[in-house]
There are 2 protein chains.
Amino acid sequence: MSQALIRKLQNFVKLSAAEQRAIERAGSERVRRIGAHEDILREGDKPNGALLIVDGWACRYKYLEDGRRQIVGFSVPGDICDLNVFLLKEMDHSIGSLTEVVVADLSRETLEGLMSGSTRIAHALWWDNLVANAIQREWTINLGQRDAVERMSHLFCELFLRQKSAGRAQGNSCDFPPTQAELGDATGLSTVHVNRTLQQMRSADLITLQNKRLVINDIDALMRQAMFNPSYLHLDRDGAHLDAND
Amino acid sequence: MSQALIRKLQNFVKLSAAEQRAIERAGSERVRRIGAHEDILREGDKPNGALLIVDGWACRYKYLEDGRRQIVGFSVPGDICDLNVFLLKEMDHSIGSLTEVVVADLSRETLEGLMSGSTRIAHALWWDNLVANAIQREWTINLGQRDAVERMSHLFCELFLRQKSAGRAQGNSCDFPPTQAELGDATGLSTVHVNRTLQQMRSADLITLQNKRLVINDIDALMRQAMFNPSYLHLDRDGAHLDAND
DNA sequence: CGCCGCTTTGATGGAGATCAACCTTCGTGG
DNA sequence: CCACGAAGGTTGATCTCCATCAAAGCGGCG
């Protein structure tokens, strides 16, 4: 159930078999299935614990008063939404499903149990949280400085590598369910311009995007195009000195 | 020394006198003074602990390969930069001073001591961290959806309220040291357009900005203009049920 | 005084928004 | 099994916000 999370965390530190089982158990306690295009958590809701995305894609988003919408991040299998958010009275943004989604609710007690039971798990979860913040900063940079092609390219690089790090990519391809309108809400571009940008990228033979599947024809070219530097994802085992040895 | 931090944290939970002293002590252990326009921490550096901004303004930023720069956040007195960042091998962005700055280095041990000594402090620091993430999300929205006037207005609202919450505003005015070029790097606008946007805002009688001082003539009008909703700053004492009673 | 960092102004150009159709795909029900 | 409708994708024409380029003010300080 929580294989993706475990795989991802091991990019930081190797977990013991017992620790993996503990995460496995936490992630299978309260599992729900949610239809496509539903809200999982809404701005203003009281959060109880964290959400683990087990399968499918979700996004965090927020509407402005006048109806404009910005997607501030995508959540893919293995992602934890808002560790610690139960400290707050209410959600300041919404989380909605893009596809059918399987989530596990991680209660406050479950999380505290995991973290106090193993400092290695605690550190791994904090690492994941730091990476999530770094991703958010990178989105700020993306929207502030990059033009349409660079922006889309960067987004594709991010989501391919994130899925790969969780064992969710196949060769040079991965799931990619967002519609062009959703890509527009994420990149701050109009749907029309997203469409034209994708055509440009296709004709430059950077990517293929169809049937909710992304194929990256030339990852180096795509990364160059995006000026993508993967170091912000911190996938190079920063916690190796804390590895479990079983 | 750390009055601003203590003031700010009390927007979440009331701290006991002993807890305030503990923070005070932590924030006065290793204090340094840094000149204006210097790097405090550079991308690639190994982080040891967190930084507390005691006085002056700093910013987090990152360059793209081709020299474009994006400022991803401003740090004002009372702000902690990257709690827990010592888990990472290297910084994925830089922190630079805008003005002369006084910082306190909070070592990993100091932080762990503070947090294990008082769960109330631990929660308050996590709250601060959650708010920092929310601010980063809001920047994403700002750059993705708002036009120039709305964007600048939103930035002014944010920084006024943040300083106010740390006891650093005076009436309807506060420090505001960034140059127009720096505002451009933060908002993704050119310097020229920042200038024209400010003129527009001045002539609409929203703000006065001179001598590194921001005066907000009509906060309601400014917030309306920006479609600013302060709830993401979580200043309404979400931890009140955990208040100390002395 | 003269220089340097910052702000301001004017003129021109371009990336991307907006508007308005039209097309394609696919699920649903008659 | 085809009709139809809705959701998503594509195209063309026009407009606008903001970038860019270039130069000129302005104030503070050595």
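Below, chains carry the letters A, B, ... as their sequence lines are ordered, and counting in each starts from 1. What you see is a predicted model; the values in this text were computed from it and never measured.
Put simply, A:Gln210 has no side-chain N or O that comes within less than 4.0 Å of OP1 or OP2 on D:dG9.
In this structure, the helix from C:dC1-D:dG30 to C:dG30-D:dC1 shows an angle of 30° between the axis at its start and the axis at its end, each fitted on 5 base pairs and rounded to 10°.
Pairing each heavy atom of A:Gly27 with each of A:Leu52, the nearest pair is CA-CD2, 4.2 Å.
With sequence neighbours left out, the side-chain contact (heavy atoms from CB on, under 4.5 Å) criterion links B:Arg32 to B:Ile34, B:Ile40, B:Leu51, B:Val103, B:Asp105. Remark: A:Ser28 pairs with A:Met1 by the side-chain contact (heavy atoms from CB on, under 4.5 Å) rule, at least two apart or across chains. In this structure A:Lys62 satisfies the side-chain hydrogen bond (donor to acceptor under 3.5 Å, both in side chains) test together with B:Glu138, sequence neighbours excluded. Partners of B:Phe228 under the ring pair (Phe, Tyr, Trp, His ring centres under 6.0 Å) rule, at least two apart in sequence or in another chain, are B:His154, B:Tyr232. Shown here are the side-chain contact (heavy atoms from CB on, under 4.5 Å) partners of A:Pro47, two or more places apart in sequence or in another chain: A:Val85, A:Met91.
In summary, B:Arg33 and B:Asp55 do not engage in a salt bridge, as defined by a charged side-chain N under 4.0 Å from a carboxylate O.
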Table please: side-chain donor-acceptor pairs of residues 217-224 of chain A below 3.5 Å, with sequence neighbours left out.
unit_1: A:Asn217; atom_1: ND2; unit_2: A:Asp205; atom_2: O; d: 3.3
unit_1: A:Asp218; atom_1: OD1; unit_2: A:Asp220; atom_2: N; d: 3.2
unit_1: A:Asp218; atom_1: OD1; unit_2: A:Ala221; atom_2: N; d: 3.1

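Across residues 189-204 of chain A, A:Val192, A:Asn195, A:Arg196, A:Gln199, A:Arg202 each have a non-hydrogen atom less than 4.0 Å from an atom of DNA chain D (numbered order). Of the residues in residues 55-73 of chain B, none lies under 4.0 Å from DNA chain C by heavy-atom distance.
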Listed pairs, N/O of protein and of nucleotides 28-30 of chain D, under 3.5 Å:
none

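The nucleotide range of DNA chain C contacted by chain A, defined by atoms under 4.0 angstrom from heavy atoms of the protein and reported 5' to 3', is C:dG16 to C:dC19.
Among residues at least two apart or in separate chains, side chain to side chain donor-acceptor pair (under 3.5 Å) pairs with a member in residues 67-77 of chain A are A:Asp66-A:Arg68, A:Arg68-B:Glu150, A:Arg69-A:Asp185, A:Gln70-B:Gln145.
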